[in-house]
**Student:** 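Take a look at this one; I'll ask things after.
Every heavy atom of this structure was used, including side-chain atoms; hydrogens, water molecules and symmetry mates were not.
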Amino acid sequence: RELLAGVAGAVRAEGVLVYAVCSMEPEEGPEVIREFLRGHPAFALEEERLLLPHRDETDGFYMVRLRRAPAGRREGRRRGEAKTSESSPR
């Protein structure tokens with residue numbers, strides 16, 4: 001949580017912030033991102049991925065790509081506009 005908040009100010013307008021954890025626990029992934037987006041309305045969720053060991057033949061991972069709003073615009077896209085995927089392309 002602190003790491004995301006700390007780097008948010010370093011992301012330029014329309015820049016990308018990627019968050020990834022080698023965990024499938026909601027409190028380490030989706031919950032962290034929901035809290036971050038509530039406190040940082042200039043960012044929008046662009047893509048979210050969950051890799052599962054039994055399906056993706058890898059350890060469990062949670063990854064998101066966030067984009068900062070253009071200069072002069074305080075808020076990013078709404079959550080419903082995000083691209084979501086539960087596995088990586090093969």
Side-chain angles (χ1 to χ4, degrees):
R1 299 180 201 294
E2 296 85 22
L3 182 61
L4 276 172
V7 301
V11 179
R12 64 178 172 77
E14 300 184 60
V16 172
L17 174 59
V18 174
Y19 175 77
V21 290
C22 55
S23 171
M24 298 178 299
E25 299 299 323
E27 61 272 7
E28 295 181 48
E31 290 176 15
V32 170
I33 295 303
R34 278 194 298 273
E35 181 180 318
F36 175 82
L37 290 172
R38 276 194 300 271
H40 297 84
F43 285 86
L45 179 63
E46 275 197 343
E47 187 172 2
E48 181 176 43
R49 289 190 181 189
L50 177 63
L51 300 181
L52 301 172
H54 68 280
R55 184 188 62 208
D56 300 305
E57 299 177 17
T58 185
D59 291 339
F61 287 94
Y62 173 77
M63 301 165 279
V64 295
R65 182 175 60 220
L66 307 171
R67 184 165 305 270
R68 189 176 197 124
R73 188 168 157 202
R74 281 193 47 120
E75 295 188 9
R77 282 188 295 179
R78 298 286 178 227
R79 177 144 173 91
E81 296 180 60
K83 176 181 173 187
T84 303
S85 172
E86 286 197 358
S87 68
S88 62
R90 295 243 173 215

**Student:** What are the two closest heavy atoms between E28 and V21, and how far apart are they?
**Tutor:**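 It is O-CG2, 3.6 Å.
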**Student:** Between G60 and P53, which heavy-atom pair has the shortest distance, and what is it?
**Tutor:**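 The answer is N-CG, 3.8 Å.
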**Student:** Do the side chain of R67 and the main chain of A44 share a donor and acceptor less than 3.5 angstrom apart?
**Tutor:**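 Side chain of R67 to backbone of A44, a donor-acceptor pair under 3.5 Å: no, none is there.
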**Student:** If we only count heavy atoms from C-beta on, is the D56 to F61 side-chain gap below 4.5 Å?
**Tutor:**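 They are not in contact (no side-chain heavy atoms under 4.5 Å apart), so the answer is no.
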**Student:** Could you check whether any side-chain heavy atom of L66 comes within less than 4.5 Å of a side-chain heavy atom of F36, counting everything from C-beta outward?
**Tutor:**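 The answer is yes; the side chains approach within 4.5 Å.
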**Student:** Taking all atoms of both residues into account, what is the closest heavy-atom pair of A8 and H40, and its distance?
**Tutor:**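 Nearest heavy atoms, A8 then H40: CB-CD2, 3.9 Å.
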**Student:** Would you name the heavy atoms of A13 and A71 that are closest together and state the gap between them?
**Tutor:**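 For A13 versus A71, the nearest heavy atoms are CB-N, 3.4 Å.
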**Student:** Which residue in the set L17, L45, V32, V18 passes side chain to side chain contact (heavy atoms under 4.5 Å, CB included) when paired with V64?
**Tutor:**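 Checked L17, L45, V32, V18 against V64; only one passes side chain to side chain contact (heavy atoms under 4.5 Å, CB included): L45.
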**Student:** Answer yes or no: is there a side-chain heavy-atom contact under 4.5 Å between M63 and L51?
**Tutor:**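 Counting from C-beta outward, M63 and L51 do come under 4.5 Å.
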**Student:** Do M24 and L50 come close enough that some side-chain heavy atom pair is under 4.5 Å?
**Tutor:**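 SC-SC contact between M24 and L50 confirmed.
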**Student:** What distance do L37 atom CG and E35 atom CD have between them, rounded to the nearest 0.5 Å?
**Tutor:**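 Answer rounded to 0.5 Å: 10.5 Å.
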**Student:** Hey, any chance F43 and V7 share a hydrophobic cluster, counting ILVMFWY side chains that come within less than 4.5 Å of each other, even indirectly?
**Tutor:**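 Result: yes, single cluster for both.
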